[in-house]
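What follows is a short report on a single structure.
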Protein chains: 2
Amino acid sequence: MPTSKDVAQVAGVAQSTVSYVLSGKRPISEKTRKKVEAAIDQLTYQPNAGARALASRKTRVIGLVIPFIPELEMGSIMEFVSVIASTARQFDHDILLVTDDEGAAGLRRVVGQQICDGLILMQVEDEDERLPVARSLNVPVVLIGIPRDPSGLVCIDADFEMAGEHCVRDLAAVGHSVISVIDWQPAVMDRHVNYVDRFLHGTDVAAKALGVTVLHLPGGTDRATISESVDKALASTTGKPAFIAPDRTIQDILRRILSSRGLTLGLDVSVIGSASPTLAELQPIPLSTIDLRPAEVSRRAVKIMCQLLEADSQGPHESLELVPTVITHRCSTLRPQ
Amino acid sequence: MPTSKDVAQVAGVAQSTVSYVLSGKRPISEKTRKKVEAAIDQLTYQPNAGARALASRKTRVIGLVIPFIPELEMGSIMEFVSVIASTARQFDHDILLVTDDEGAAGLRRVVGQQICDGLILMQVEDEDERLPVARSLNVPVVLIGIPRDPSGLVCIDADFEMAGEHCVRDLAAVGHSVISVIDWQPAVMDRHVNYVDRFLHGTDVAAKALGVTVLHLPGGTDRATISESVDKALASTTGKPAFIAPDRTIQDILRRILSSRGLTLGLDVSVIGSASPTLAELQPIPLSTIDLRPAEVSRRAVKIMCQLLEADSQGPHESLELVPTVITHRCSTLRPQ
DNA sequence: GGGAATTATCGATGCGTATCGACGATGCTG
DNA sequence: CAGCATCGTCGATACGCATCGATAATTCCC
């Protein structure tokens with residue numbers, strides 16, 4: 001592998017000049033710049049990351065802490081990961097994976113060894129054991145998700161409360177007076193990711209404001225639980241029933257149960273689910289969905305991180321950013337009168 | 001951040017002694033070791049990764065090249081990524097993400113800058129533009145998937161041919177004489193990942209050996225295509241029909257179509273799909289599946305990589321490892337007579 | 001008990017880059 | 001044309017660790 005010294009020799013300049021050509025931190029004459037660039041091309045020189053990190057105290061690597069093999073929601077997690085990695089490259093950074101089975105020790109490790117300049121944490125829970133560590137590390141940390149106590153932390157997430165509100169408003173607007181919200185599956189509820197509470201709270205706020213009734217019914221991955229929830233919903237509804245089912249696993253089961261009861265989506269009953277646009281379109285009756293915008297959340301998380309890194313910020317920062325969600329009405333909700 | 005020099009000072013030894021305590025490459029007396037370890041604990045010292053990489057010419061980082069936001073199969077890709085990251089840690093390595101939108105240049109970059117000691121490529125296609133680069137890089141590369149010409153490359157994948165054979169054998173054994181194989185969805189077929197061909201070839205081999213008929217029918221993500229394929233299958237079958245549908249998206253549609261025709265899985269018709277055990281169990285009629293063992297493939301890929309790194313192998317290596325697949329018969333296939 | 005063979009530790013050097021101070025060359029001002 | 005600021009480049013040094021050769025301390029054997 002060629003080094004900057006080799007480049008310097010070929011170009012007939014000093015090594016430091018090569019370094020300045022690359023960084024642009026000192027003026028370089030056009031003539032010298034050309035010579036150096038030619039030498040770089042000729043040798044296909046690429047700077048050594050380790051040496052660069054050692055000298056500059058910056059690795060240009062961001063650690064991404066991914067949840068530990070959750071089985072559920074793997075698809076959506078991958079969307080975050082993928083977009084985060086791509087976006088990081090746009091800011092000339094790379095992504096190092098830190099799996100959550102290493103726990104808080106993993107965070108200390110990658111920061112302590114200075115493998116990373118900062119950390120992005122996914123799937124932050126209400127009371128997360130990683131938070132005290134995150135606060136104590138003297139590198140920037142960006143959380144995707146909002147813990148109960150976000151003080152001293154930089155957080156970003158979809159605006160779940162607005163999402164809940166928006167769903168209820170839209171369903172009320174097309175004439176529903178009783179709206180049933182099916183919980184996420186128990187595995188998610190048990191984890192106390194607080195977006196669930198924020199979403200449900202949003203539905204309640206809208207219900208109160210509009211004078212409609214919102215029922216909260218248990219979700220599950222088995223047909224029986226959902227079936228029971230549907231029964232309860234139908235029993236307490238006089239007009240046409242409406243369902244909000246943000247958990248992807250659940251919405252499939254729900255659709256089948258409704259259709260087996262002879263209810264046609266968009267005609268006898270409204271359903272709002274959550275899925276990427278492409279997935280929603282694939283359904284026999286294209287599903288009206290609330291888009292929680294994982295790609296946008298991911299992009300912004302990286303952007304915030306890179307700004308913090310650039311600012312070279314020492315002191316603890318604190319901020320909270322909510323990404324607006326978007327409802328798309330397709331064919332599974334009643335049409336406006 | 002404390003350095004090994006600080007540790008040395010606290011322990012009252014030379015910096016090199018600290019280094020030897022950590023690496024174990026020279027004998028150290030019990031007394032000195034204790035002193036050094038105490039100093040390390042006291043200072044919570046962690047070695048600097050950049051300096052270590054610079055001096056040792058090893059980063060202990062493996063680059064993982066992930067497919068570019070494929071939308072399809074994101075869940076299963078995440079399973080690979082997650083297991084690969086965990087396994088790498090067991091070998092005391094870390095994983096750096098390289099997204100495929102950087103293309104072959106991305107590979108050259110991370111290797112050229114010596115951010116990584118080696119590369120794992122996912123989703124290798126039949127004629128992959130990354131292969132010539134992979135061959136020319138002088139670091140170990142492990143492919144997950146098998147290209148048309150694997151010469152000079154180290155490959156690992158599930159044994160798709162055996163999987164195809166196995167499916168046909170088992171269906172023939174319970175009395176099916178005509179077996180329909182539904183292709184993967186067009187998006188996958190178009191990508192020329194060759195596991196598709198290997199699987200289909202396996203079904204043909206078994207069919208020839210057993211004297212049964214195998215039909216290859218087009219797959220799709222829309223109901224119409226699958227419906228048509230089912231029609232064709234039923235038209236050419238005298239006994240009970242049998243389906244093999246390895247694409248997860250397709251198998252759901254297939255199930256619904258069959259049930260809408262009044263065919264009960266495991267009674268009137270056999271279906272073998274592909275899903276993780278947990279997912280398969282969740283279905284109303286637990287699905288018989290062929291397990292392509294993504295976790296095992298991932299683990300072995302990392303293991304092979306770490307062996308190559310340890311061997312410090314210079315010359316080009318070549319190997320091909322196939323991971324046996326496993327069929328689990330649940331309730332969607334006929335019972336043996 | 002003296003010399004050889006071990007064992008345990010130290011000091012010095014190199015890895016490849018960033019960056020600081022210095023210095024010669026150039027342009028400008030009066 | 002003397003004096004001074006500006007521009008462009010160089011040389012030297014530091015970053016933190018691994019590693020090699022050398023040295024000091026200990027043990028062993030005849």
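Order of the sequence lines fixes the chain letters, A, B, ..., with proteins taken first and strands second; residue numbering starts at 1 for each chain. The model shown is predicted, which means the values in this text are computed figures rather than measured ones.
- A:Lys58 has its NZ atom 15 Å from the C1' atom of C:dT19, to the nearest Å.
- For the pair A:Arg299 and A:Glu296, the salt-bridge criterion is met [side-chain N within less than 4.0 Å of a carboxylate O].
- Among the atoms of the strands shown, none is found under 4.0 Å from any heavy atom of B:Val18.
- Atom pair A:Lys25:NZ and C:dG21:P shows a separation of 15 Å (rounding to whole Å applied).
- Per the geometry, CZ belonging to A:Arg33 stands 14 Å off P belonging to D:dC7, to the nearest Å.
- Rounded to a whole Å, the CD atom of B:Gln113 is 11 Å from the P atom of C:dA18.
- Shown are B:Leu143, B:Val65, B:Val81; of these, the side chain to side chain contact (heavy atoms under 4.5 Å, CB included) with B:Met122 is made only by B:Val81.
- Taking a 6.0 Å sphere around NZ of B:Lys35, one finds it holds more than 12 heavy atoms contributed by other residues, nucleotides or ligands.
- Open room surrounds CD on B:Gln9; 12 or fewer heavy atoms of other groups in view lie less than 6.0 Å from it.
- Atom NZ in A:Lys34 sits 13.5 Å away from atom CD1 in A:Ile28 (nearest 0.5 Å).
- A donor-acceptor distance shorter than 3.5 angstrom exists from the side chain of B:Asp6 to the backbone of B:Thr3, with no hydrogens or angles considered.
- Listed pair A:Thr17 / D:dC10 meets the phosphate criterion, a side-chain N or O lying under 4.0 Å from OP1 or OP2.
- Each of B:Asp128, B:Val124, B:Val188 was compared with B:Val193 under the side chain to side chain contact (heavy atoms under 4.5 Å, CB included) criterion, and only B:Val188 meets it.
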Sort me out a list of protein N/O and nucleotides 20-22 of chain D N/O pairs below 3.5 Å, or just none if empty.
from: D:dC20; atom 1: N4; to: B:Tyr20; atom 2: OH; distance (Å): 2.7
from: D:dG21; atom 1: N7; to: B:Arg26; atom 2: NH2; distance (Å): 3.2
from: D:dG21; atom 1: O6; to: B:Arg26; atom 2: NH1; distance (Å): 2.2
from: D:dG21; atom 1: O6; to: B:Arg26; atom 2: NH2; distance (Å): 3.3

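- A donor-acceptor pair is defined here as one N or O able to donate and one able to accept, closer than 3.5 Å; such a pair exists between the side chain of A:Asp117 and the backbone of A:Arg60.
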Contact list (N/O, under 3.5 angstrom) for nucleotides 13-17 of chain C vs protein:
from: C:dC15; atom 1: O3'; to: B:Arg57; atom 2: NH2; distance (Å): 3.1
from: C:dG16; atom 1: OP1; to: B:Arg57; atom 2: NH2; distance (Å): 2.7
from: C:dT17; atom 1: OP1; to: A:Tyr45; atom 2: OH; distance (Å): 2.5
from: C:dT17; atom 1: OP1; to: A:Asn48; atom 2: N; distance (Å): 3.1
from: C:dT17; atom 1: OP2; to: A:Ser4; atom 2: N; distance (Å): 2.5
from: C:dT17; atom 1: OP2; to: A:Ser4; atom 2: OG; distance (Å): 2.8

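- Atoms NZ (A:Lys31) and C1' (C:dT26) sit 13 Å apart, rounded to a whole Å.
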